[in-house]
Protein chains: 2
Amino acid sequence: MARVTTSPTFKRLPRAVREQQMLDAAVRVFSRRGFHAASMDEIAEDAGISKPMVYAYLGTKEELFIACLHREGTRLMEAIVAGVGTDLPPDEQLWRGLRAFFGFVGAHRDGWAVLYRQARAQQPFAGALATMRERMVEVIGTMLAQALAAEGREIRDMDLEVMAYALVGASESLADWLADRPDADPDKTATRMMNFAWVGAGQLLHGETWPPAPLSP
Amino acid sequence: MARVTTSPTFKRLPRAVREQQMLDAAVRVFSRRGFHAASMDEIAEDAGISKPMVYAYLGTKEELFIACLHREGTRLMEAIVAGVGTDLPPDEQLWRGLRAFFGFVGAHRDGWAVLYRQARAQQPFAGALATMRERMVEVIGTMLAQALAAEGREIRDMDLEVMAYALVGASESLADWLADRPDADPDKTATRMMNFAWVGAGQLLHGETWPPAPLSP
DNA sequence: CATCATACCTACTCGCACGTAAGGTTACGC
DNA sequence: GCGTAACCTTACGTGCGAGTAGGTATGATG
(Lines give C-alpha, C1' and ligand atoms only; values in the text may rest on other atoms or scores of the structure.)
Protein backbone atom coordinates (compact mmCIF):
# COMPACT_ATOMS: atom_id res chain seq x y z
CA MET A 1 0.00 0.00 0.00
CA ALA A 2 2.23 2.67 1.44
CA ARG A 3 2.47 5.93 -0.42
CA VAL A 4 5.64 7.77 -1.33
CA THR A 5 6.37 7.64 2.40
CA THR A 6 8.95 10.38 2.37
CA SER A 7 8.31 13.87 3.43
CA PRO A 8 11.58 15.58 4.38
CA THR A 9 13.05 12.23 5.39
CA PHE A 10 13.57 12.26 9.12
CA LYS A 11 16.71 11.11 10.79
CA ARG A 12 17.12 7.42 11.35
CA LEU A 13 18.35 6.61 14.78
CA PRO A 14 19.70 3.49 16.45
CA ARG A 15 17.30 1.47 18.51
CA ALA A 16 18.66 2.33 21.94
CA VAL A 17 18.19 6.04 21.32
CA ARG A 18 14.67 5.70 19.98
CA GLU A 19 13.70 3.55 22.91
CA GLN A 20 14.71 6.25 25.34
CA GLN A 21 12.84 8.88 23.34
CA MET A 22 9.77 6.67 23.38
CA LEU A 23 10.04 6.16 27.11
CA ASP A 24 10.40 9.89 27.63
CA ALA A 25 7.31 10.52 25.56
CA ALA A 26 5.39 7.74 27.27
CA VAL A 27 6.19 9.11 30.71
CA ARG A 28 5.05 12.58 29.65
CA VAL A 29 1.80 11.38 28.12
CA PHE A 30 0.92 8.87 30.82
CA SER A 31 1.62 11.54 33.35
CA ARG A 32 -0.73 14.11 31.90
CA ARG A 33 -3.50 11.82 30.63
CA GLY A 34 -3.48 8.83 32.90
CA PHE A 35 -2.89 5.27 31.77
CA HIS A 36 -6.16 4.64 30.00
CA ALA A 37 -6.77 8.07 28.54
CA ALA A 38 -3.30 8.04 27.04
CA SER A 39 -3.39 6.68 23.51
CA MET A 40 -0.56 4.88 21.82
CA ASP A 41 -1.02 7.25 18.89
CA GLU A 42 -0.39 10.26 21.06
CA ILE A 43 2.67 8.68 22.61
CA ALA A 44 4.04 7.83 19.19
CA GLU A 45 3.37 11.33 17.92
CA ASP A 46 4.94 12.90 21.00
CA ALA A 47 8.02 10.76 20.42
CA GLY A 48 8.13 11.91 16.80
CA ILE A 49 7.70 8.39 15.50
CA SER A 50 4.88 6.21 14.21
CA LYS A 51 2.90 3.76 16.25
CA PRO A 52 4.17 0.42 14.95
CA MET A 53 7.68 1.39 16.03
CA VAL A 54 6.49 1.62 19.59
CA TYR A 55 5.00 -1.84 19.36
CA ALA A 56 8.13 -3.17 17.70
CA TYR A 57 10.45 -1.84 20.39
CA LEU A 58 8.53 -1.73 23.64
CA GLY A 59 5.59 -4.05 23.03
CA THR A 60 2.00 -3.55 24.12
CA LYS A 61 0.64 -0.63 26.09
CA GLU A 62 0.90 -2.51 29.36
CA GLU A 63 4.46 -3.55 28.70
CA LEU A 64 5.30 0.00 27.76
CA PHE A 65 3.89 1.27 31.02
CA ILE A 66 5.80 -1.34 32.97
CA ALA A 67 8.96 -0.20 31.21
CA CYS A 68 8.29 3.39 32.29
CA LEU A 69 7.60 2.26 35.82
CA HIS A 70 10.78 0.30 35.92
CA ARG A 71 13.00 3.04 34.57
CA GLU A 72 11.62 5.78 36.80
CA GLY A 73 11.58 3.52 39.82
CA THR A 74 15.18 2.55 39.33
CA ARG A 75 16.22 6.17 38.95
CA LEU A 76 14.43 7.11 42.15
CA MET A 77 15.99 4.29 44.11
CA GLU A 78 19.43 5.12 42.81
CA ALA A 79 19.02 8.76 43.73
CA ILE A 80 18.10 7.80 47.26
CA VAL A 81 20.74 5.21 47.99
CA ALA A 82 23.33 7.57 46.49
CA GLY A 83 22.18 10.23 48.93
CA VAL A 84 22.03 8.15 52.11
CA GLY A 85 25.53 7.60 53.38
CA THR A 86 26.18 4.53 55.47
CA ASP A 87 27.46 4.51 59.03
CA LEU A 88 25.87 7.79 59.99
CA PRO A 89 23.57 8.58 62.89
CA PRO A 90 19.97 7.71 62.04
CA ASP A 91 18.68 11.26 61.93
CA GLU A 92 21.43 12.24 59.53
CA GLN A 93 20.66 9.23 57.37
CA LEU A 94 16.97 10.05 57.30
CA TRP A 95 17.70 13.66 56.49
CA ARG A 96 19.88 12.76 53.54
CA GLY A 97 17.35 10.25 52.26
CA LEU A 98 14.59 12.84 52.37
CA ARG A 99 16.75 15.42 50.65
CA ALA A 100 17.54 13.00 47.84
CA PHE A 101 13.93 11.93 47.57
CA PHE A 102 12.45 15.40 47.31
CA GLY A 103 15.28 16.46 45.03
CA PHE A 104 14.38 13.67 42.65
CA VAL A 105 10.68 14.41 42.69
CA GLY A 106 11.31 18.10 42.11
CA ALA A 107 13.42 17.29 39.08
CA HIS A 108 11.22 14.53 37.64
CA ARG A 109 7.64 15.58 38.30
CA ASP A 110 6.29 13.62 35.34
CA GLY A 111 8.07 10.50 36.40
CA TRP A 112 6.66 10.87 39.87
CA ALA A 113 3.13 11.26 38.58
CA VAL A 114 3.43 8.11 36.50
CA LEU A 115 5.06 6.16 39.21
CA TYR A 116 2.67 6.91 42.01
CA ARG A 117 -0.48 8.67 41.00
CA GLN A 118 -1.03 6.25 38.11
CA ALA A 119 0.44 2.96 39.15
CA ARG A 120 -1.24 3.00 42.53
CA ALA A 121 -4.69 3.08 41.00
CA GLN A 122 -4.42 0.83 37.94
CA GLN A 123 -5.09 -2.78 38.78
CA PRO A 124 -2.33 -4.61 36.89
CA PHE A 125 0.45 -2.33 38.14
CA ALA A 126 -0.44 -1.91 41.76
CA GLY A 127 1.53 -5.06 42.49
CA ALA A 128 4.71 -3.85 40.87
CA LEU A 129 4.49 -0.57 42.70
CA ALA A 130 3.74 -2.26 45.97
CA THR A 131 6.98 -4.18 45.59
CA MET A 132 8.91 -0.95 45.19
CA ARG A 133 7.24 0.57 48.19
CA GLU A 134 8.03 -2.55 50.23
CA ARG A 135 11.66 -2.03 49.40
CA MET A 136 11.55 1.55 50.60
CA VAL A 137 9.69 0.58 53.72
CA GLU A 138 12.28 -2.10 54.32
CA VAL A 139 15.14 0.34 53.88
CA ILE A 140 13.59 2.75 56.34
CA GLY A 141 12.64 -0.05 58.68
CA THR A 142 16.19 -1.34 58.74
CA MET A 143 17.49 2.12 59.44
CA LEU A 144 15.13 2.55 62.36
CA ALA A 145 15.98 -0.88 63.66
CA GLN A 146 19.67 -0.01 63.67
CA ALA A 147 18.96 3.18 65.54
CA LEU A 148 17.07 1.14 68.10
CA ALA A 149 19.79 -1.45 68.42
CA ALA A 150 22.29 1.33 69.04
CA GLU A 151 20.22 2.36 72.03
CA GLY A 152 19.77 -1.17 73.23
CA ARG A 153 16.02 -0.90 72.95
CA GLU A 154 13.42 -2.96 71.16
CA ILE A 155 10.08 -2.45 69.49
CA ARG A 156 7.73 -4.94 67.94
CA ASP A 157 8.38 -5.53 64.25
CA MET A 158 4.89 -4.48 63.31
CA ASP A 159 5.24 -1.14 65.03
CA LEU A 160 8.39 -0.51 63.09
CA GLU A 161 6.73 -1.46 59.85
CA VAL A 162 3.79 0.81 60.50
CA MET A 163 6.10 3.64 61.42
CA ALA A 164 7.99 3.16 58.17
CA TYR A 165 4.72 3.19 56.26
CA ALA A 166 3.66 6.40 57.91
CA LEU A 167 6.98 7.96 57.03
CA VAL A 168 6.81 6.85 53.43
CA GLY A 169 3.20 7.95 53.17
CA ALA A 170 3.87 11.39 54.57
CA SER A 171 6.72 11.76 52.14
CA GLU A 172 4.57 10.71 49.21
CA SER A 173 1.94 13.20 50.21
CA LEU A 174 4.43 16.04 50.39
CA ALA A 175 5.86 14.85 47.08
CA ASP A 176 2.43 15.31 45.55
CA TRP A 177 2.26 18.72 47.15
CA LEU A 178 5.63 19.54 45.69
CA ALA A 179 4.85 18.16 42.23
CA ASP A 180 1.82 20.43 41.99
CA ARG A 181 3.75 23.58 42.93
CA PRO A 182 6.44 24.31 40.37
CA ASP A 183 7.84 27.18 42.41
CA ALA A 184 8.21 25.22 45.64
CA ASP A 185 11.69 24.39 46.85
CA PRO A 186 12.52 20.69 47.26
CA ASP A 187 15.06 21.31 49.99
CA LYS A 188 12.69 23.35 52.09
CA THR A 189 10.09 20.66 51.67
CA ALA A 190 12.59 18.08 52.85
CA THR A 191 13.34 20.21 55.89
CA ARG A 192 9.70 20.47 56.81
CA MET A 193 9.23 16.77 56.36
CA MET A 194 12.21 16.05 58.53
CA ASN A 195 10.88 18.26 61.28
CA PHE A 196 7.51 16.61 61.24
CA ALA A 197 8.82 13.08 61.08
CA TRP A 198 11.60 13.37 63.60
CA VAL A 199 10.37 15.88 66.12
CA GLY A 200 6.64 15.20 65.94
CA ALA A 201 3.69 17.55 65.99
CA GLY A 202 3.59 17.78 69.76
CA GLN A 203 7.14 19.02 70.19
CA LEU A 204 6.91 21.11 67.05
CA LEU A 205 4.05 23.05 68.52
CA HIS A 206 6.22 23.74 71.57
CA GLY A 207 8.84 25.34 69.34
CA GLU A 208 11.20 22.41 69.18
CA THR A 209 12.91 21.79 65.82
CA TRP A 210 15.32 19.38 64.34
CA PRO A 211 18.92 20.64 64.70
CA PRO A 212 20.22 23.00 63.81
CA ALA A 213 17.87 25.18 61.70
CA PRO A 214 14.67 26.80 62.97
CA LEU A 215 11.40 25.66 61.44
CA SER A 216 11.58 27.96 58.41
CA PRO A 217 15.16 28.54 57.38
CA MET B 1 -38.98 -4.94 20.06
CA ALA B 2 -38.89 -6.13 23.60
CA ARG B 3 -39.79 -9.74 24.31
CA VAL B 4 -42.11 -11.02 27.02
CA THR B 5 -39.82 -9.19 29.43
CA THR B 6 -41.00 -11.00 32.49
CA SER B 7 -39.23 -13.81 34.18
CA PRO B 8 -40.42 -14.09 37.79
CA THR B 9 -41.10 -10.34 37.79
CA PHE B 10 -38.71 -8.72 40.21
CA LYS B 11 -39.72 -6.25 42.83
CA ARG B 12 -40.29 -2.70 41.74
CA LEU B 13 -38.69 -0.24 44.03
CA PRO B 14 -38.94 3.50 44.47
CA ARG B 15 -36.26 5.59 42.88
CA ALA B 16 -34.46 6.63 46.04
CA VAL B 17 -33.88 3.03 47.06
CA ARG B 18 -32.64 1.91 43.65
CA GLU B 19 -30.29 4.85 43.50
CA GLN B 20 -28.63 3.77 46.71
CA GLN B 21 -28.35 0.19 45.47
CA MET B 22 -26.75 1.44 42.30
CA LEU B 23 -24.30 3.58 44.20
CA ASP B 24 -23.43 0.61 46.41
CA ALA B 25 -22.78 -1.51 43.34
CA ALA B 26 -20.83 1.23 41.61
CA VAL B 27 -18.57 1.71 44.61
CA ARG B 28 -17.90 -2.02 44.76
CA VAL B 29 -17.15 -2.36 41.06
CA PHE B 30 -15.11 0.83 40.73
CA SER B 31 -13.18 -0.26 43.76
CA ARG B 32 -12.18 -3.64 42.43
CA ARG B 33 -11.76 -2.80 38.72
CA GLY B 34 -10.72 0.82 38.63
CA PHE B 35 -12.66 3.54 36.88
CA HIS B 36 -11.93 2.63 33.29
CA ALA B 37 -11.92 -1.14 33.58
CA ALA B 38 -15.28 -1.01 35.30
CA SER B 39 -18.09 -1.37 32.80
CA MET B 40 -21.53 0.08 33.16
CA ASP B 41 -22.89 -3.37 32.35
CA GLU B 42 -21.11 -4.91 35.30
CA ILE B 43 -22.29 -2.20 37.61
CA ALA B 44 -25.85 -2.65 36.44
CA GLU B 45 -25.64 -6.39 36.83
CA ASP B 46 -24.12 -6.08 40.29
CA ALA B 47 -26.97 -3.78 41.27
CA GLY B 48 -29.47 -6.33 39.97
CA ILE B 49 -30.84 -3.89 37.42
CA SER B 50 -30.40 -3.17 33.74
CA LYS B 51 -28.08 -0.58 32.26
CA PRO B 52 -30.57 2.01 31.02
CA MET B 53 -31.86 2.43 34.57
CA VAL B 54 -28.43 3.50 35.66
CA TYR B 55 -28.32 6.10 32.92
CA ALA B 56 -31.83 7.22 33.73
CA TYR B 57 -31.11 7.75 37.42
CA LEU B 58 -27.45 8.64 37.79
CA GLY B 59 -26.44 9.75 34.29
CA THR B 60 -23.22 9.03 32.46
CA LYS B 61 -20.30 7.02 33.80
CA GLU B 62 -18.44 10.12 34.90
CA GLU B 63 -21.45 11.52 36.68
CA LEU B 64 -21.97 8.20 38.37
CA PHE B 65 -18.43 8.18 39.62
CA ILE B 66 -18.77 11.73 40.88
CA ALA B 67 -21.88 10.67 42.75
CA CYS B 68 -19.93 7.84 44.43
CA LEU B 69 -17.15 10.21 45.28
CA HIS B 70 -19.56 12.65 46.78
CA ARG B 71 -21.44 10.15 48.89
CA GLU B 72 -18.36 8.43 50.27
CA GLY B 73 -16.59 11.71 50.86
CA THR B 74 -19.51 13.13 52.77
CA ARG B 75 -19.75 10.02 54.91
CA LEU B 76 -16.06 10.18 55.73
CA MET B 77 -16.23 13.83 56.65
CA GLU B 78 -19.26 13.28 58.82
CA ALA B 79 -17.60 10.40 60.62
CA ILE B 80 -14.63 12.59 61.40
CA VAL B 81 -16.38 15.72 62.56
CA ALA B 82 -18.68 13.56 64.66
CA GLY B 83 -15.61 12.05 66.29
CA VAL B 84 -13.67 15.23 66.97
CA GLY B 85 -15.19 16.98 69.91
CA THR B 86 -14.75 20.73 70.13
CA ASP B 87 -13.00 22.59 72.96
CA LEU B 88 -10.58 19.81 73.77
CA PRO B 89 -6.80 19.91 73.99
CA PRO B 90 -5.24 19.53 70.54
CA ASP B 91 -3.72 16.11 71.11
CA GLU B 92 -7.05 14.79 72.28
CA GLN B 93 -8.74 16.29 69.23
CA LEU B 94 -6.19 14.76 66.90
CA TRP B 95 -6.50 11.42 68.59
CA ARG B 96 -10.25 11.36 68.20
CA GLY B 97 -10.01 12.46 64.59
CA LEU B 98 -7.60 9.65 63.81
CA ARG B 99 -9.75 7.11 65.58
CA ALA B 100 -12.79 8.16 63.59
CA PHE B 101 -10.84 8.20 60.36
CA PHE B 102 -9.34 4.75 60.69
CA GLY B 103 -12.61 3.42 61.99
CA PHE B 104 -14.33 4.63 58.85
CA VAL B 105 -11.71 3.21 56.54
CA GLY B 106 -11.80 -0.13 58.30
CA ALA B 107 -15.54 -0.30 57.87
CA HIS B 108 -15.72 1.03 54.30
CA ARG B 109 -12.69 -0.35 52.52
CA ASP B 110 -14.36 -0.22 49.11
CA GLY B 111 -15.38 3.35 49.57
CA TRP B 112 -11.87 4.23 50.56
CA ALA B 113 -10.40 2.60 47.50
CA VAL B 114 -12.75 4.48 45.22
CA LEU B 115 -12.25 7.74 46.98
CA TYR B 116 -8.50 7.78 47.05
CA ARG B 117 -6.82 5.11 45.01
CA GLN B 118 -9.04 5.85 42.01
CA ALA B 119 -9.91 9.50 42.17
CA ARG B 120 -6.37 10.59 42.75
CA ALA B 121 -5.17 9.11 39.47
CA GLN B 122 -8.04 9.78 37.05
CA GLN B 123 -7.73 13.17 35.43
CA PRO B 124 -11.29 14.50 35.57
CA PHE B 125 -11.73 13.68 39.27
CA ALA B 126 -8.46 14.73 40.74
CA GLY B 127 -9.87 18.22 41.15
CA ALA B 128 -12.89 17.12 43.12
CA LEU B 129 -10.74 14.99 45.40
CA ALA B 130 -8.22 17.75 45.84
CA THR B 131 -11.02 19.95 47.13
CA MET B 132 -11.93 17.37 49.73
CA ARG B 133 -8.36 16.98 50.79
CA GLU B 134 -8.03 20.75 51.07
CA ARG B 135 -10.92 20.71 53.47
CA MET B 136 -9.26 18.07 55.62
CA VAL B 137 -5.98 19.91 55.51
CA GLU B 138 -7.80 23.04 56.51
CA VAL B 139 -9.52 21.33 59.41
CA ILE B 140 -6.22 19.98 60.67
CA GLY B 141 -4.47 23.26 60.01
CA THR B 142 -7.04 25.15 62.02
CA MET B 143 -6.69 22.71 64.86
CA LEU B 144 -2.93 23.13 64.91
CA ALA B 145 -3.27 26.90 64.69
CA GLN B 146 -5.51 26.90 67.75
CA ALA B 147 -3.03 24.81 69.62
CA LEU B 148 -0.36 27.32 68.74
CA ALA B 149 -2.47 30.28 69.72
CA ALA B 150 -3.10 28.65 73.08
CA GLU B 151 0.63 28.61 73.63
CA GLY B 152 1.07 32.16 72.40
CA ARG B 153 3.41 31.00 69.66
CA GLU B 154 3.40 31.47 65.90
CA ILE B 155 4.50 29.56 62.82
CA ARG B 156 4.38 30.58 59.21
CA ASP B 157 1.19 29.60 57.46
CA MET B 158 3.02 27.55 54.90
CA ASP B 159 4.73 25.46 57.54
CA LEU B 160 1.38 24.72 59.08
CA GLU B 161 -0.05 23.76 55.72
CA VAL B 162 2.83 21.46 54.97
CA MET B 163 2.56 19.86 58.37
CA ALA B 164 -1.12 19.25 57.79
CA TYR B 165 -0.33 17.69 54.42
CA ALA B 166 2.23 15.41 55.97
CA LEU B 167 -0.25 14.36 58.59
CA VAL B 168 -2.98 13.68 56.07
CA GLY B 169 -0.53 11.86 53.82
CA ALA B 170 0.75 9.62 56.56
CA SER B 171 -2.82 8.82 57.50
CA GLU B 172 -3.72 7.98 53.93
CA SER B 173 -0.75 5.70 53.67
CA LEU B 174 -1.68 3.84 56.81
CA ALA B 175 -5.26 3.73 55.57
CA ASP B 176 -4.01 1.91 52.48
CA TRP B 177 -2.03 -0.38 54.73
CA LEU B 178 -5.15 -1.04 56.75
CA ALA B 179 -7.41 -1.54 53.74
CA ASP B 180 -5.10 -4.27 52.45
CA ARG B 181 -5.07 -6.17 55.74
CA PRO B 182 -8.55 -7.38 56.66
CA ASP B 183 -7.40 -8.67 60.01
CA ALA B 184 -5.71 -5.47 61.12
CA ASP B 185 -7.30 -3.47 63.90
CA PRO B 186 -8.33 0.12 63.07
CA ASP B 187 -7.90 1.32 66.65
CA LYS B 188 -4.39 -0.04 66.95
CA THR B 189 -3.53 1.57 63.66
CA ALA B 190 -4.86 4.86 64.93
CA THR B 191 -2.70 4.52 68.04
CA ARG B 192 0.40 3.93 66.02
CA MET B 193 -0.37 6.85 63.78
CA MET B 194 -0.92 9.08 66.79
CA ASN B 195 2.38 8.09 68.26
CA PHE B 196 4.24 8.79 65.07
CA ALA B 197 2.53 12.07 64.34
CA TRP B 198 2.58 13.53 67.82
CA VAL B 199 5.73 12.21 69.40
CA GLY B 200 7.93 11.95 66.30
CA ALA B 201 10.38 9.29 65.25
CA GLY B 202 13.24 10.74 67.27
CA GLN B 203 11.48 10.57 70.62
CA LEU B 204 9.76 7.34 69.70
CA LEU B 205 13.13 5.69 69.28
CA HIS B 206 14.02 6.87 72.77
CA GLY B 207 11.03 5.07 74.17
CA GLU B 208 8.73 8.05 74.51
CA THR B 209 5.05 7.48 73.71
CA TRP B 210 1.89 9.44 73.62
CA PRO B 211 0.02 9.30 76.96
CA PRO B 212 -0.95 7.17 78.52
CA ALA B 213 -0.58 3.82 76.70
CA PRO B 214 2.78 2.29 75.80
CA LEU B 215 3.64 1.84 72.11
CA SER B 216 1.76 -1.42 71.63
CA PRO B 217 -1.22 -1.64 73.92
C1' DC C 1 -62.25 1.08 34.57
C1' DA C 2 -59.45 4.55 31.97
C1' DT C 3 -55.34 7.24 32.18
C1' DC C 4 -51.01 8.74 33.25
C1' DA C 5 -46.70 8.48 35.26
C1' DT C 6 -43.01 5.81 36.77
C1' DA C 7 -40.29 1.70 36.94
C1' DC C 8 -38.04 -1.37 33.95
C1' DC C 9 -36.54 -4.15 29.91
C1' DT C 10 -34.15 -6.02 25.25
C1' DA C 11 -31.57 -4.95 21.63
C1' DC C 12 -29.37 -2.15 19.11
C1' DT C 13 -25.61 1.97 17.07
C1' DC C 14 -21.30 3.75 16.86
C1' DG C 15 -16.80 5.50 17.81
C1' DC C 16 -12.48 4.94 19.66
C1' DA C 17 -8.04 3.08 20.26
C1' DC C 18 -5.32 -1.29 20.54
C1' DG C 19 -2.79 -3.95 17.80
C1' DT C 20 -1.09 -5.60 12.87
C1' DA C 21 -0.22 -6.63 7.79
C1' DA C 22 2.24 -5.36 4.13
C1' DG C 23 5.09 -2.70 2.02
C1' DG C 24 8.83 1.27 1.32
C1' DT C 25 13.74 3.29 2.24
C1' DT C 26 18.28 3.99 4.05
C1' DA C 27 22.83 2.27 5.65
C1' DC C 28 26.40 -0.75 6.02
C1' DG C 29 29.30 -4.88 5.05
C1' DC C 30 31.72 -7.08 1.42
C1' DG D 1 27.63 -1.48 -6.38
C1' DC D 2 24.68 -4.88 -4.55
C1' DG D 3 22.23 -7.64 -0.98
C1' DT D 4 20.33 -7.73 3.31
C1' DA D 5 18.94 -6.22 7.57
C1' DA D 6 17.30 -2.66 10.34
C1' DC D 7 14.39 1.31 10.38
C1' DC D 8 10.04 3.36 9.43
C1' DT D 9 5.61 4.13 7.18
C1' DT D 10 0.38 4.11 5.79
C1' DA D 11 -3.74 1.94 6.23
C1' DC D 12 -6.27 -1.13 7.90
C1' DG D 13 -9.20 -5.24 11.21
C1' DT D 14 -11.47 -5.70 15.31
C1' DG D 15 -13.53 -5.81 19.86
C1' DC D 16 -15.28 -3.71 23.58
C1' DG D 17 -18.10 -0.74 25.99
C1' DA D 18 -20.54 3.92 26.42
C1' DG D 19 -24.79 5.51 25.47
C1' DT D 20 -29.83 5.16 23.22
C1' DA D 21 -34.31 3.94 20.95
C1' DG D 22 -38.34 2.27 21.71
C1' DG D 23 -41.44 -0.76 24.00
C1' DT D 24 -43.71 -3.33 28.33
C1' DA D 25 -45.48 -3.85 33.09
C1' DT D 26 -47.45 -1.84 37.37
C1' DG D 27 -49.41 1.09 40.56
C1' DA D 28 -51.84 5.45 41.82
C1' DT D 29 -55.63 8.71 40.84
C1' DG D 30 -59.82 10.23 38.91
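We use all heavy atoms of the structure for the numbers below, so side chains are in, but hydrogens, waters and symmetry mates are not. Letters A, B, ... mirror the listed sequences (proteins, then strands); counts begin at 1.
For A:Arg12, counting side-chain heavy atoms from C-beta on, the closest listed nucleotide (C:dC8, D:dC7, C:dG19) is D:dC7. Picking from C:dT26, D:dT10, C:dT20 the nucleotide with the shortest atom distance to the side chain of A:Ser50 gives D:dT10. Closest to the B:Arg18 side chain, of the nucleotides D:dC8, C:dC8, D:dA18, is C:dC8. Of the candidate nucleotides D:dA18, C:dA17, C:dT20, C:dT20 has the atom nearest to the side chain of A:Lys51.
Residues from residues 52-69 of chain A that place a heavy atom under 4.0 Å from any atom of DNA chain C, listed by number: A:Pro52, A:Tyr55, A:Thr60, A:Lys61.
Remark: C1' of C:dA7 and CG of B:Leu13 are 9 Å apart, rounded to the nearest angstrom. The CD-P distance, from A:Glu45 to D:dC8, rounds to 17 Å in whole Å. Atom CD of A:Gln21 and atom P of D:dC7 are 13 Å apart (whole Å). When rounded to the nearest whole Å, the span between CD1 of A:Ile43 and P of C:dC18 equals 8 Å. Rounded to whole Å, the distance from CD on A:Glu42 to P on C:dG19 is 16 Å. In this structure, B:Asp41 atom CG and C:dC12 atom P are separated by 15 Å, rounded to whole Å. Between the CD1 atom of B:Ile49 and the P atom of C:dC8 there is a distance of 5 Å, rounded to whole Å. Straight-line distance from the NE2 atom of B:His36 to the C1' atom of C:dC16: 11 Å, rounded to whole Å.
Residue contacts for A:Ala37: at a heavy-atom cut-off of 4.0 Å it reaches no nucleic acid atom on any strand shown. As judged by a 4.0 angstrom heavy-atom cut-off over every strand, A:Ala38 is placed among residues touching the sugar-phosphate backbone only.
The salt bridge (Lys or Arg N to Asp or Glu O under 4.0 Å) test applied to B:Glu92 returns B:Arg96, not counting sequence neighbours. With sequence neighbours left out, A:Asp187 forms a salt bridge (Lys or Arg N to Asp or Glu O under 4.0 Å) with A:Arg99. Residues meeting the side chain to side chain contact (heavy atoms under 4.5 Å, CB included) test with B:Ala145, sequence neighbours left out: B:Leu160. Every residue two or more places apart in sequence or in another chain was checked for a salt bridge (Lys or Arg N to Asp or Glu O under 4.0 Å) with B:Lys61, and none qualifies.
Remark: the B:Arg15 side chain and the C:dT6 base include no donor-acceptor N/O pair separated by less than 3.5 Å.
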Which is it for B:His108 and B:Val105 under the side-chain contact (heavy atoms from CB on, under 4.5 Å) test, yes or no, and what are the steps along the way?
CA-CA 5 Å; B:His108 299 77; B:Val105 173; over 6 Å; no
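Between A:Phe102 and A:Leu174, some side-chain heavy-atom pair lies under the 4.5 Å cut-off.
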Return a table of donor-acceptor pairs under 3.5 angstrom between the side chains of residues 62-73 of chain B and protein atoms on other chains or two or more places apart.
{"from": "B:Glu63", "atom 1": "OE1", "to": "B:Thr60", "atom 2": "N", "distance (Å)": "2.9"}
{"from": "B:Arg71", "atom 1": "NH1", "to": "B:Gln20", "atom 2": "OE1", "distance (Å)": "2.7"}
{"from": "B:Arg71", "atom 1": "NH1", "to": "B:Asp24", "atom 2": "OD1", "distance (Å)": "3.2"}
{"from": "B:Arg71", "atom 1": "NH2", "to": "B:Asp24", "atom 2": "OD1", "distance (Å)": "2.8"}

